[in-house]
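To start, the structure itself, in structure tokens.
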Amino acid sequence: MTTPHAPARARAQVAARERAPQAEDGRILLLTLGFVVLGLMLVAVVASAAAVHLDHKRLYNLADVLAASAADAMPPGRHLVAAAPGVGGGGLLLSDDAVARAVAAELAAYPFPEQLPEGLRVAEADSPDGRSARVTLVASSHPPLVGWFTRTAGHGFTISASSTARAVTGGP
């Protein structure tokens, strides 16, 4: 048998359960927020790594251009020089100073100086064998998402690129 107060008591129990905080309430929001933050951090790391990689590719392309320009920078009269008898055939005369001057001249005449990497310096510009020009460049990379931090810290990620170009003549 039911008493007249039973429905009221059931309603009161339901209302009390609805008002009482559940032990699991709010935890899914915290978990979701944690995964969103983790996902955003992962995207930032991947984007920053991609930006550093692209800066390295640009620096490598610049090193290629400078090495090729330095290997081709000899005056026309010095392309073929007769060697002394008994010493191998004629050869190219490409000196370390000539390579360094050609690299400096090419950088000074670069058509888009604002696009040169930040902190660019020529670490090496020489001719190891008299026929090829070797250029090594060093620069700083400041990825877009963490650039504010790397600039505040005073330095970015150091990247370097080396390239070697051989001077070739039209002879046999």
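The analysis underlying the following values was restricted to heavy atoms, covering all of them including side chains, and did not include hydrogens, waters or symmetry mates. The chain is numbered in sequence order, starting from 1.
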TODO: Measure the spacing between CG of Leu94 and CG of Asp72 and express it to the nearest 0.5 Å.
DONE: 10.0 Å
Task: Beyond-backbone contact of Leu62 with Leu116, side-chain heavy atoms, under 4.5 angstrom - done: yes
Open item on the list: Does Phe157 have more than 12 heavy atoms from other residues, nucleotides or ligands lying within 6.0 Å of its CZ?
Closed with: no
Open item on the list: Rounded at 0.5 Å granularity, tell me how far CG in Asp96 sits from CZ in Arg101.
Closed with: 10.5 Å
- [ ] First locate atom CG of Leu33, then atom CG of Leu38, and finally report the distance between them rounded to the nearest 0.5 Å.
- [x] 11.0 Å
TODO: Please state whether the rings of Phe112 and Tyr110 are parallel, tilted or perpendicular, taking 30° and 60° as the class boundaries.
DONE: perpendicular
Open item on the list: Could you measure the distance from the CZ atom of Arg121 to the OG1 atom of Thr136? Nearest 0.5 Å is fine.
Closed with: 10.0 Å
- [ ] Please report the closest heavy-atom contact between Asp129 and Arg166, naming both atoms and the distance.
- [x] OD2-NH2, 3.3 Å
Task: Non-hydrogen atoms of Ser132 and Thr164 that approach each other most closely - done: CB-CG2, 3.9 Å
- [ ] Could you pull out the closest heavy-atom pair between Ala161 and Ala63, with the gap in Å?
- [x] O-CB, 4.1 Å
Open item on the list: If you compare all heavy atoms of Ala139 against all heavy atoms of Leu120, which two are closest, and at what distance to 0.1 Å?
Closed with: CB-CA, 4.2 Å
Task: For Leu66 against Glu106, the heavy-atom pair lying closest together - done: CD2-CG, 3.3 Å
Task: Side-chain touch Leu137/Val122, heavy atoms, less than 4.5 angstrom - done: yes
Task: Ile28 side chain near Thr32 side chain, heavy-atom distance below 4.5 Å - done: yes
Task: Closest heavy-atom pair and its distance - Ala133, Ala70 - done: CB-CB, 3.9 Å
- [ ] Report whether Ile159 and Leu107 are members of the same hydrophobic cluster (ILVMFWY, side-chain heavy atoms less than 4.5 Å apart, transitive linking).
- [x] yes
Open item on the list: Name the residue from Leu59, Leu54, Asp55 that meets the side chain to side chain contact (heavy atoms under 4.5 Å, CB included) definition with Ser141.
Closed with: Asp55
